[in-house]
Amino acid sequence: MRMSAMLSLLICAGVSSAQAPTFNKDVAPILFAQCATCHRPGEAAPFALLKYEDAKKRGKLIAQVTQSKQMPPWKADKSDFAFRNERRLSEAQIATLQKWVAAGMVEGDKNDLPPAPTFASEWALGKPDLVVKMPKAFKVPAEGKDIYRNFAIALNLNDDKWVRAVDFRPSASSVVHHTLFFLDTTGTAAKKEADSGQVGSSGAMGGFRVPKGGLGGLGSLTGSGGGQPGSLGGWALGAQARSLPDGLAWKLPKGSDLILSTHFHPSGKAEMEASTIALYFSDKPPTKRFTGLQLPIAFGFAAGIDIPAGKKDFSIEDSFVLPVDVKAFGISAHAHYIAKTFNVTATLPDKKTKTLLKISDWDFGWQEQYRFQDYVDLPKGTKIDAKITYDNSADNPRNPTNPPRRVRWGKESTDEMGSITLSVIAAQEPEFSELQKGYQQHLIAAIRKFGGKK
Ligand code: HEC
């Protein structure tokens, strides 16, 4: 086995036997560091990649999906600012996996094997401070329209808390498209649910609405924005939970119920959904406020998304000039199936243009929250430009309708949306209100302009 492996390596790759990668020495460190967070029991991926046998069984597929960059999932191209949650493999790591497979997947010396990664908890961020679950499962039928439903969960907290992270686990991930987390201090949602005698309730909080305090709160869809009171961010397909940066937190008033506002997309098979939510508290109150600047506003509601059947290059854009000095800590993108590219730039007052986020091959399945390595300084007068393109032709393999049909803005996942959310703080905390005011004006202007066109 060893001989033939070395031999085929010599023939295929033309390298000396000294360089033959082995699982224990070369491959395990890559899988442990870059794959095991998801590829372990209980996590999102369908199989574990922790043992030699796991990797050997799927060696060819591993070589293929790492070469094509389908795995680890990471949709952002290189841009001007590094992301701290970047999970792309280096070219050297990709080459090692290729060579290992080509050389016959040698196990190697047991002494070379690093210790398997340990995880403090089955949750990615470690042991949560509070875990709650929907008391009753909700039945999602096999067929039919998308469903928006609110579920009230009692938290039974006697003190105010500050929340630095929320993680979410659907029990039927094939039908859960996204969830927004809200807080209800009035008991209204719980009462509505109890009175109806059903699991969950429809209306107000579900789907698209204008929360008190403006649409900025909706920037929380993928959990990276949404400093608005009453919001705790959200979860979307493929998103990994992240803690807010130091000094930032959501307020969780005592006695609040947690409201999950969930969007379901029937999958062809009836499913029961009972979501589990993990909360992480911060021991100190926040020192700064944060918000999500969403462009175009409201998931593209007023951006004129109306894409003719067959159109290959439809696009929407929006820009916003920062009214105060800002520091950005994260960025996320949201759209449905036929979006193709995202491009977000910052043109600084000195006219230099920097790329904040570029996605050349959007995938509905991976709605990542990108966190900058360090705060990105964006001085007053910086112009943020966001452009999103769509391909509604039959050539787009991700088009859910064939032959294509006209697609407009809407809540169904076969409708479209499109926006980015830049999560920011004001560089000078007292200027936060001015930042909010500037964004509100942008929002009102966009809605007026849209109304005028109708
Ligand atoms: C963020 C979570 C995550 C990480 C990190 C991750 N995977 Fe995956 N992987 C998944 C999920 C979820 C699936 C199943 C859905 C899919 O194929 O997109 C998957 C599927 C796969 C498949 C099957 C693909 C197919 O077409 O059937 C392979 C092989 C794979 N991953 C290898 C890897 C390797 C190797 C790494 C590390 C270099 C890695 N993955 C890192 C989540 C992850």
Side-chain angles (χ1 to χ4, degrees), residues 21-76 83-103 105 107 114 116-119 121-126 165 167-178 222-224 235-243 265 267 269 278 330 332-333 336-337 359 361-371 397-398 400 413:
T22 71
F23 176 82
N24 290 337
K25 185 158 181 281
D26 308 286
V27 172
I30 301 174
L31 302 187
F32 290 177
Q34 311 276 80
C35 317
T37 45
C38 302
H39 287 272
R40 62 175 161 122
E43 268 304 328
F47 49 86
L49 283 177
L50 291 166
K51 296 201 185 87
Y52 172 65
E53 290 72 30
D54 300 336
K56 190 179 172 219
K57 199 160 122 198
R58 296 195 170 77
K60 286 218 170 68
L61 198 53
I62 290 173
Q64 193 189 317
V65 298
T66 49
Q67 175 87 310
S68 68
K69 310 211 163 120
Q70 182 191 331
M71 285 287 147
W74 186 259
K75 301 309 293 179
F83 294 113
R84 69 173 54 212
N85 53 336
E86 157 100 52
R87 17 175 145 81
R88 204 193 305 261
L89 295 181
S90 69
E91 292 303 322
Q93 288 174 316
I94 295 172
T96 300
L97 295 174
Q98 295 294 317
K99 278 189 216 158
W100 178 66
V101 173
M105 300 182 272
E107 184 170 10
T118 52
F119 299 93
S121 144
E122 80 226 67
W123 295 95
L125 298 178
D167 203 351
F168 175 85
R169 204 168 271 171
S171 62
S173 54
S174 57
V175 293
V176 179
H177 168 289
H178 78 249
T222 49
S224 60
W235 176 92
L237 208 60
Q240 300 273 300
R242 302 279 156 218
S243 197
H265 186 57
S267 68
K269 180 171 166 267
S332 62
H336 296 169
Y337 294 101
I359 297 176
D361 181 27
W362 167 255
D363 182 341
F364 174 76
W366 293 106
Q367 314 238 350
E368 192 68 53
Q369 311 162 41
Y370 299 97
R371 274 295 159 80
R398 294 198 177 105
S413 37

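Only heavy atoms go into these numbers, but all of them, side chains included; no hydrogens, no water, no symmetry mates. Just so it is clear, the model here is predicted, and its values are computed rather than measured. Counting starts at 1 for both ligands and their atoms, in listed order.
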Side chain Q98, main chain A63, donor-acceptor under 3.5 Å
yes
Look at H39 and state whether any of its N, O or S atoms is less than 2.8 Å from atom 8 (Fe) of ligand 1.
yes
Within a distance under 4.0 Å of any heavy atom of P46, pick out the atoms of ligand 1 and give their elements.
11 (C), 13 (C), 14 (C), 19 (C)
Would you please determine whether Q64 falls within less than 4.0 Å of ligand 1 on a heavy-atom basis?
no
On a heavy-atom basis, I'd like to know which of Q34, M71, Q70 is closest to atom 30 (C) of ligand 1.
M71
What's the verdict on side chain to side chain contact (heavy atoms under 4.5 Å, CB included) for E368 and R87, showing C-alpha distance, side-chain angles and the deciding distance?
CA-CA 11 Å; E368 192 68 53; R87 17 175 145 81; 3.1 Å; yes
State the atoms of ligand 1, each with its element, that fall below the 4.0 Å cut-off from a heavy-atom position in R87.
1 (C), 5 (C)
Nearest non-hydrogen contact to atom 25 (C) of ligand 1 from the set N85, I62, L89, L61 belongs to L61
Measure from the side-chain N and O atoms of N85 to the backbone N and O of Q369, and report whether any donor-acceptor pair falls under 3.5 Å.
yes
Which is closest to atom 23 (C) of ligand 1 by heavy-atom distance: F47, W366, W74?
F47
My understanding is that only residues two or more places apart in sequence, or in another chain, count here; which of them pass side-chain contact (heavy atoms from CB on, under 4.5 Å) with A33?
none
Should R58 be listed as contacting ligand 1, given a heavy-atom distance under 4.0 Å as the test?
no
Going by the order shown, which atoms of ligand 1 are within less than 4.0 Å of some heavy atom of C38?
1 (C), 2 (C), 3 (C), 4 (C), 5 (C), 42 (C), 43 (C)
Assess whether a salt bridge exists between K51 and E53, defined as any Lys/Arg side-chain N lying under 4.0 Å from an Asp/Glu carboxylate O.
no
Run the ring-ring contact (aromatic ring centres under 6.0 Å, His included) test against F32 and tell me which residues pass, sequence neighbours left out.
none
Of all the heavy-atom pairs spanning Y337 and H265, show the shortest one and how long it is.
OH-CD2, 4.0 Å
